[in-house]
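Working notes, beginning with the structure itself.
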Amino acid sequence: MNIRPKLSLCLAISLLLSATSISAQTLYRVNSGTKQRLNAVFFASDSDGFAVGDSGIVNISTDGGNSWSVIPSGVSFNFYTEYFSDSANGAFAGDVGLIYTILGDNPPTKVVLPESNPISGMTFPSYDTGVVCGSGGLFYMTTDSGKSWKKKTLPAAAQKFDYYGVDYFDDDTYWLVGQIGLVLYTQDDGTTWQRITVPTTKDLYSINFPDTSLTGWIVGDQTLLLTTDGGDTWSNIPTTASLRFVSGWDSTHAYAVGLNGAILYTTDRSNWSTLPSGTTANLYGLDFPDSVFFVGDSGLILTTQPPINQSFVSTTIEPTPTQSNILLNSGGHTAIIQSPMDLLGPIRLEVFNLLGISVYSSTDVRINGANLLPTSLPLGVYMYRLINSSGSQVGKFSLE
């Protein structure tokens with residue numbers, strides 16, 4: 001979907017300045033709206049986030065992770081992995097070889113791979129090209145942004161094993177990690193493969209090359225490996241944690257998460273410390289827009305920044321003189337957004353469908369007056385973001 005996300009200068013400086021106090025950092029819980037296990041989280045921008053998990057759960061946030069809403073995926077299978085370039089373009093995948101691809105305003109494309117094996121890992125080095133890996137030597141590539149997928153065959157001796165993590169080093173080079181310490185790479189888009197020997201035979205779950213440097217990490221059961229030469233050699237960093245995911249924002253700063261609430265971090269790529277999570281729940285994914293988010297069992301979402309209290313709209317409440325009210329109209333169908341804020345000056349309204357795709361925006365919003373939405377909007381529930389000099393508010397409304 002997109003070239004590997006890079007941090008903004010502001011975020012990079014913020015993270016670097018806070019690095020020395022990470023061990024004393026407090027983590028905050030965010031209401032995810034679900035008790036299903038969350039297996040992955042990905043922010044396409046500072047504001048737009050997606051979390052996927054068991055039983056077809058898909059959560060979206062349009063306010064930087066302060067609030068999350070569950071959207072219906074229409075399936076009951078587990079989703080294990082995802083990758084998004086922005087709120088309108090991305091994919092998530094999981095059990096039975098199922099891949100959902102979202103491209104612009106088009107309906108999601110559903111593909112079930114022929115082998116129907118669980119998919120555990122996904123990455124896209126460009127908008128068009130991406131790969132997935134999974135059980136039984138599964139490795140497929142797309143060159144049309146996920147509309148179709150082509151099988152890439154692993155070496156015969158490697159085909160019987162399960163692969164849990166995949167990452168790219170450049171446009172042609174992909175790395176796979178999986179059972180019994182298997183680490184494979186290809187430099188020709190999966191036509192030929194080489195195996196790298198690493199100092200473990202334990203199962204490996206995630207690999208990450210954070211930028212264009214030669215630094216990378218692999219994590220697994222009681223395993224944390226480091227390379228500083230682009231993957232030619234890997235050294236062992238002792239740990240007793242059973243880790244499931246690792247991600248860095250540059251070649252020296254990274255987080256890893258795992259079972260029993262394990263969170264590790266490094267500020268020099270080699271020395272890793274524990275960040276107390278305050279939970280024994282298993283953690284499976286992480287990402288960092290303008291703060292760090294961790295997800296795991298029972299819908300758990302933790303973040304390093306306190307969430308902002310958000311207000312949600314009810315279409316059953318009539319306008320009152322004690323609140324600011326924004327009236328919405330679409331082809332004769334109406335909704336009301338009520339805000340406790342003193343809405344003065346210019347107001348911006350952004351409206352998203354439940355896939356997080358923007359369907360309307362305006363900087364000419366009228367208080368206690370009719371605001372016309374596109375008449376083409378179908379009836380149903382929508383997300384909104386309201387912004388003015390007083391602050392911001394997110395929530396849901398229903399066109400009825």
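Heavy atoms only, all atoms of each residue included: Phe161 and Ala157 are closest at CE1-O, 3.4 Å. Taking both residues in full, the closest heavy atoms of Val41 and Val295 are given as CB-CG1, 3.7 Å, listed atom of the first, atom of the second, then distance. The nearest pair of heavy atoms linking Thr227 to Thr233 is OG1-O, 2.9 Å. Heavy-atom minimum distance, Ser61 versus Ser67: OG-O, 2.9 Å. Across all non-hydrogen atoms, the minimal contact from Pro289 to Ser45 is CB-O, 3.9 Å. Nearest heavy-atom pair, Val166 versus Met122, reported as atom, atom and distance to 0.1 Å: CG1-N, 3.5 Å.
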Take Ile119 and Leu138, measure what side-chain contact (heavy atoms from CB on, under 4.5 Å) needs, and give me the verdict at the end.
CA-CA 8 Å; Ile119 297 170; Leu138 182 147; 4.2 Å; yes
side-chain contact (heavy atoms from CB on, under 4.5 Å) evaluation trace for Thr223 with Thr239:
CA-CA 6 Å; Thr223 302; Thr239 182; 5.6 Å; no
Please determine whether side-chain contact (heavy atoms from CB on, under 4.5 Å) holds for the pair Leu327 and Asn329, giving the CA-CA distance in whole Å, both sets of side-chain angles, and the decisive distance to 0.1 Å.
CA-CA 7 Å; Leu327 311 180; Asn329 187 291; over 6 Å; no
Start with the C-alpha gap between Thr129 and Thr142, add the side-chain angles, then the distance that decides, and say whether side-chain contact (heavy atoms from CB on, under 4.5 Å) holds.
CA-CA 5 Å; Thr129 303; Thr142 180; over 6 Å; no
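Side chain of Asn371 to backbone of Arg366: a donor-acceptor contact under 3.5 angstrom is found. Between the side chain of Thr191 and the backbone N or O of Asp188 there is at least one donor-acceptor pair closer than 3.5 Å. Between the Asp211 side chain and the Ser251 main chain, a donor and an acceptor come within less than 3.5 Å of each other. No donor-acceptor pair under 3.5 Å is formed between the side chain of Ser291 and the backbone N or O of Thr303. Thr201 places no side-chain N or O within 3.5 Å of a backbone atom of Gly181 that could act as its donor or acceptor partner. Checking side-chain atoms of Asn260 against main-chain N and O of Ala262 turns up no donor-acceptor pair under 3.5 Å. Judged purely by atom type and a 3.5 angstrom limit, Ser55 has no side-chain atom pairing as donor or acceptor with the backbone of Ile57. In terms of modelled atom types and a separation under 3.5 Å, the side chain of Asn39 and the main chain of Phe79 share a donor-acceptor contact. Between the Ser69 side chain and the Ile60 main chain, no donor and acceptor come within less than 3.5 Å of each other. Listed for the Thr186 side chain is a donor-acceptor partner under 3.5 Å among the backbone atoms of Thr192.
Hydrophobic clustering, with ILVMFWY side chains joined whenever heavy atoms are under 4.5 angstrom apart, keeps Leu113 apart from Tyr164. Phe124 and Tyr80 fall into different hydrophobic clusters, where Ile, Leu, Val, Met, Phe, Trp and Tyr side chains are chained together by heavy-atom contacts under 4.5 Å. In the hydrophobic clustering of this structure, Val365 does not group with Leu372; members are Ile, Leu, Val, Met, Phe, Trp, Tyr whose side-chain heavy atoms approach within less than 4.5 Å, directly or through other members. Residues Leu214 and Tyr185 share a single hydrophobic cluster, defined by chaining ILVMFWY side chains whose heavy atoms lie under 4.5 Å apart. With hydrophobic clusters built from ILVMFWY side chains whose heavy atoms lie under 4.5 angstrom apart, Tyr205 does not share a cluster with Ile180.
Ile99 has its side chain out of reach of Phe92: every pair of non-hydrogen atoms, C-beta onward, lies at least 4.5 Å apart. Contact check for Trp68 versus Ile301: side-chain heavy atoms found under the 4.5 Å cut-off. In this structure, Ile218 and Val183 have side chains that are in contact, with non-hydrogen atoms separated by less than 4.5 Å. A 4.5 Å side-chain heavy-atom check between Tyr163 and Ser120 finds every atom pair outside the cut-off. Contact of the Arg269 side chain with the Thr228 side chain is registered, since non-hydrogen atoms from C-beta on lie closer than 4.5 Å. A heavy-atom distance below 4.5 Å is found between the side chains of Leu300 and Arg29. Using a 4.5 Å heavy-atom threshold, the side chains of Phe50 and Asn59 count as separate. Here the side chains of Thr101 and Val111 are not in contact, with every heavy-atom distance at 4.5 Å or above.
Taken from OG in Ser362 to CD1 in Ile326, the straight-line distance is 10.0 Å, to the nearest 0.5 Å. Put simply, CG on Asn236 and CG on Leu225 are 6.0 Å apart, with the number rounded to the nearest 0.5 Å. Phe139 contributes atom CZ, which lies 9.5 Å from atom CH2 of Trp149 (distance to the nearest 0.5 angstrom). Atom OG1 of Thr200 is separated from atom CD of Gln222 by 8.5 Å, given to the nearest 0.5 angstrom. The structure places CD of Gln179 at 7.5 Å from OG of Ser135, a figure rounded to the nearest 0.5 Å. Taking CG of Leu399 as the start and CG of Leu328 as the end, the distance is 7.5 Å to the nearest 0.5 Å.
Listed by first and then second residue, the salt bridge (Lys or Arg N to Asp or Glu O under 4.0 Å) pairs that reach into residues 220-230 are Asp221-Arg244, sequence neighbours excluded.
The distance between the ring centers of Phe293 and Phe43 falls below 6.0 angstrom. Between Tyr168 and Trp175, the gap from one ring centroid to the other reaches at least 6.0 Å. Taking the six-membered ring for Trp, Tyr83 and Phe42 have ring centres closer than 6.0 Å.
Here Leu259 is tied into one hydrophobic group with Tyr284, each link being a pair of ILVMFWY side chains closer than 4.5 Å. Hydrophobic clustering, defined by side-chain heavy atoms of Ile, Leu, Val, Met, Phe, Trp and Tyr closer than 4.5 Å, groups Val219 together with Trp217, Leu224, Leu226, Ile237, Leu243, Val246, Leu264, Trp272.
For the residue pair Thr252 / Asp250, a side-chain donor-acceptor distance below 3.5 Å is found, with atom types taken as modelled. A side-chain N or O of Tyr127 and one of Asn89 form a donor-acceptor pair less than 3.5 Å apart.
By the side-chain hydrogen bond (donor to acceptor under 3.5 Å, both in side chains) test, Asp189 pairs with no residue at all, sequence neighbours left out. With sequence neighbours excluded, the residues satisfying side-chain hydrogen bond (donor to acceptor under 3.5 Å, both in side chains) with Tyr140 are Glu115. Applying the side-chain hydrogen bond (donor to acceptor under 3.5 Å, both in side chains) test to Ser116 and every residue at least two apart in sequence or in another chain returns nothing.
Atom NZ of Lys151 is surrounded by more than 12 heavy atoms from other residues, nucleotides or ligands within 6.0 Å.
Aromatic ring pairs are classed by plane angle as parallel below 30°, tilted from 30° to 60° and perpendicular above 60°; the pair Trp249 and Tyr255 is tilted.
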